Amino acid sequence: MSKISGAESHIMEALWTKGPLTAEELVQSVGPAQEWGEATVKTLINRLLKKKALKSERSGGRALYQALVTREEYVTGESQGLLDRLFGGQLAPLVAHYAQHRALSPAEVTRLKKLIAELDGDGE
């Protein structure tokens with residue numbers, strides 16, 4: 001499957017959140033916040049259909065669009081792409097970057113320590 005663009009991800013988020021929707025429902029759901037009209041939303045739907053990220057089924061004479069890619073699959077792909085592009089595919093430099101440039105809350109530090117302990121096999 002081809003990469004889902006930022007604009008296309010808004011269509012996908014609506015489908016992941018609300019389930020199958022018609023084009024009109026997608027226009028109503030996504031259009032106003034993005035200042036998109038019907039033509040833009042339908043163009044994005046068609047791109048996602050070509051990428052096999054969506055499927056279309058007829059129901060009551062109308063097309064219902066449903067995500068074929070799960071949100072988890074999308075997030076995994078995007079996350080891996082970020083790691084590969086900016087940090088050579090390695091997680092530790094990403095965490096170090098955020099720790100140096102953004103204050104971690106005590107809860108985040110605790111959560112990271114717990115995750116590391118679990119990965120080491122010590123957190124059981």
Side-chain angles (χ1 to χ4, degrees):
M1 184 197 72
S2 299
K3 184 172 166 35
I4 294 170
S5 72
E8 293 163 348
S9 73
H10 292 288
I11 302 295
M12 297 300 291
E13 281 292 344
L15 293 169
W16 290 323
T17 303
K18 299 175 182 176
L21 297 170
T22 65
E24 293 78 19
E25 291 168 333
L26 282 165
V27 170
Q28 291 170 359
S29 179
V30 178
Q34 302 303 317
E35 298 182 358
W36 292 339
E38 182 178 345
T40 300
V41 172
K42 287 185 175 182
T43 296
L44 294 169
I45 291 169
N46 284 325
R47 285 186 197 164
L48 289 163
L49 286 167
K50 287 179 185 172
K51 292 179 179 184
K52 306 247 187 275
L54 298 183
K55 74 175 181 175
S56 171
E57 288 183 358
R58 301 297 287 174
S59 175
R62 300 165 73 186
L64 269 180
Y65 299 98
Q66 183 174 354
L68 291 176
V69 176
T70 67
R71 189 171 194 290
E72 183 177 340
E73 291 168 332
Y74 170 72
V75 169
T76 298
E78 288 294 305
S79 301
Q80 189 61 53
L82 176 74
L83 279 177
D84 292 345
R85 280 190 316 277
L86 301 179
F87 300 100
Q90 297 187 22
L91 187 57
L94 170 77
V95 175
H97 172 80
Y98 277 105
Q100 292 168 356
H101 294 91
R102 182 181 157 266
L104 295 173
S105 71
E108 288 174 312
V109 171
T110 299
R111 189 170 175 200
L112 285 170
K113 286 179 179 178
K114 182 179 178 193
L115 177 61
I116 290 168
E118 288 172 359
L119 292 172
D120 279 344
D122 299 333
E124 296 176 42

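All values below come from the heavy atoms of this structure, side chains included, with hydrogens, waters and symmetry mates left out. This one's a predicted model, so the numbers in the text were calculated from it and none came from an experiment. Note that the numbering runs from 1 along the sequence shown for the chain.
Between the side chain of Ser9 and the backbone N or O of Gly6, at least one donor-acceptor pair lies under 3.5 Å. Remark: side-chain polar atoms of Thr17 are paired, donor with acceptor, to backbone N or O of Glu13 under 3.5 angstrom. At distances below 3.5 Å, not a single donor-acceptor pair connects side-chain atoms of Trp16 with backbone N or O atoms of Glu72.
The shortest distance between side-chain heavy atoms of Thr43 and Arg47 falls below 4.5 Å.
The two residues Glu38 and Val27 have their closest heavy-atom pair at CA-CG2, 3.8 Å. Contact record, Leu49 with Leu54: CD2-O, 3.7 Å, taken as the closest heavy-atom pair. Scanning all heavy atoms of the two residues, the minimum distance from Glu73 to Leu68 falls at OE1-O, 4.1 Å. Ala14 and Leu21 get closest at one heavy-atom pair: O-CD1, 4.0 Å. What you find for Glu8 and Leu44 is that their closest heavy atoms are CG-CD2, 3.8 Å. Ile11 and Val41 get closest at one heavy-atom pair: CD1-CG1, 3.8 Å.
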| said: I'd like to know whether Lys18 forms a salt bridge (charged side-chain N to carboxylate O under 4.0 Å, His left out) with Glu25, so could you lay out the CA-CA distance, the side-chain angles of the two residues, the decisive distance to 0.1 Å, and finally the verdict. | reply: CA-CA 10 Å; Lys18 299 175 182 176; Glu25 291 168 333; over 6 Å; no
| task | Show your working on salt bridge (charged side-chain N to carboxylate O under 4.0 Å, His left out) between Glu108 and Arg102 and close with a plain yes or no. | result | CA-CA 11 Å; Glu108 288 174 312; Arg102 182 181 157 266; 3.0 Å; yes
